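First comes the structure, then the notes that go with it.
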Amino acid sequence: MAITIRKAARLEKLPPYLFAEIDKKKREVAARGIDIISLGIGDPDLPTAPHIIKALQEAAAQPVNHRYPDYEGLFTFRQAATNWYKSRFNVTLDPEKEAVSLIGSKEGIAHIPLAFVNPGDVVLVPDPGYPVYNIGTIFSGGEPYFMPLRKENGFLPDLKAIPEAVAKRAALMWIGYPNNPTSAVAPKEFFAEVARFAEKHDIIVCHDNAYSEVYYEGKKTSSFLEVAGAKEVGVEFHSLSKTYNMTGWRIGFAVGNAALIDGLGKIKTNVDSGVFQAVQEAGIAALAGDQGVVEEMRRICQERRDILVRGLNAIGLACTPPQATFYVWAEVPKGYTSANLTSKILDDTGVVVTPGNGFGASGEGYIRFSLTVDTNRLREAVVRLQNLRL
Ligand SMILES: *Cc1c(COP(=O)(O)O)cnc(C)c1O
């Protein structure tokens with residue numbers, strides 16, 4: 001006798017998976033024997049550096065690391081993270097109270113609303129945006145209010161357009177620059193405006209800074225925590241995934257306001273038991289070690305960026321070279337939607353891209369290319385795209 005399995009309302013409330021159609025088409029095209037070039041996913045293809053792997057191997061052999069870790073992370077890991085913040089952003093943080101390790105930043109992003117959002121509270125969510133902001137909101141019982149990111153605004157949310165009544169009910173706000181998917185970077189003045197807005201309306205700011213090190217032409221991006229008042233209102237989520245090609249390792253951290261770090265820690269201590277200490281030791285090797293590997297990652301991404309942007313503009317897919325991130329956010333030409341252009345590109349060329357509307361309604365009219373294949377494959381993709389009849 002089978003029981004009736006009913007999904008909880010929060011699962012029913014999940015947004016539809018908009019990539020199902022494209023996944024299906026990808027299988028069909030591959031079945032026709034066409035060689036697929038995937039520029040769809042945001043997962044670096046480069047390997048993790050040898051000195052980081054070696055640190056894991058050595059730490060994995062130490063019995064002290066075989067026990068449960070502390071949920072907040074090794075003090076030495078938090079210290080490596082806060083020292084790195086000091087040297088990279090000149091932001092001073094207390095490793096004891098203002099930092100917590102995460103099982104990848106996605107884990108912290110998904111969990112923090114459980115600590116600070118009550119059912120019915122509004123959470124301000126960028127649209128288009130990294131899907132976890134919205135999903136974490138739904139899981140906490142919060143109500144997302146989507147802030148459109150428009151080209152004419154440099155893909156920054158227009159805070160003045162948020163109705164007073166919405167701001168009043170808002171508990172938390174998500175921002176993330178350098179931005180996935182639009183690849184926009186935020187000037188410090190924007191971060192300062194966010195801090196003032198948050199203070200005025202009593203809103204927690206969560207800044208996702210996963211792409212801080214994927215910048216181009218030597219133009220370093222800023223941390224939200226650099227601006228006055230930021231630490232009074234917010235936290236920043238940071239990841240080793242994109243900086244050190246460590247997506248599979250699952251390690252990141254959150255830094256900033258002590259009460260917010262404490263609240264997130266309360267959730268974590270009751271849900272997970274932290275990051276395998278050997279992985280934290282590898283994280284220390286990454287953060288405190290030779291940053292030449294990060295320089296090399298930027299050089300490779302920049303070369304790829306230039307190949308793709310030149311190729312896309314030549315065929316009439318308008319895009320400006322991103323100043324950061326490994327994404328190119330291209331406008332869909334007249335007569336197409338994000339979905340049917342994605343589908344046509346895949347059908348005609350075997351190149352997989354991501355439809356912009358998969359990141360939210362305001363992503364309609366765009367497609368996203370990832371720079372996560374080598375230059376030969378990227379050149380091949382550009383050659384194939386030249387045969388596209390738009
Ligand atoms: C990749 C990514 C993350 C998550 O990275 P983790 O591997 O979980 O640390 C967070 N935010 C954005 C915008 C990302 O693209």
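Note that ligands are numbered from 1 as they come in the structure, with each ligand's atoms numbered from 1 the same way. As the structure is a prediction and not an experimental result, all values here were calculated from the model.
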Ring pair (Phe, Tyr, Trp, His ring centres under 6.0 Å) involving His111 - partner list, sequence neighbours excluded: none
What residues form a ring pair (Phe, Tyr, Trp, His ring centres under 6.0 Å) with Phe369, not counting sequence neighbours? none
So does Arg299 pair up with Glu295, basic N to acidic O under 4.0 Å? no
Ring pair (Phe, Tyr, Trp, His ring centres under 6.0 Å) filter on Tyr177, not counting sequence neighbours, yields Phe190
Does Asp70 pair with Arg78 as a salt bridge, N-O distance under 4.0 Å? no
Please determine whether a side-chain nitrogen of the Lys or Arg among Arg32 and Asp347 lies less than 4.0 Å from a carboxylate oxygen of the Asp or Glu. yes
Near ligand 1 (heavy atom, under 4.0 angstrom), the protein residues are Gly104, Ser105, Lys106, Ile109, Tyr130, Asn180, Asp208, Ala210, Tyr211, Ser239, Ser241, Lys242, Arg250
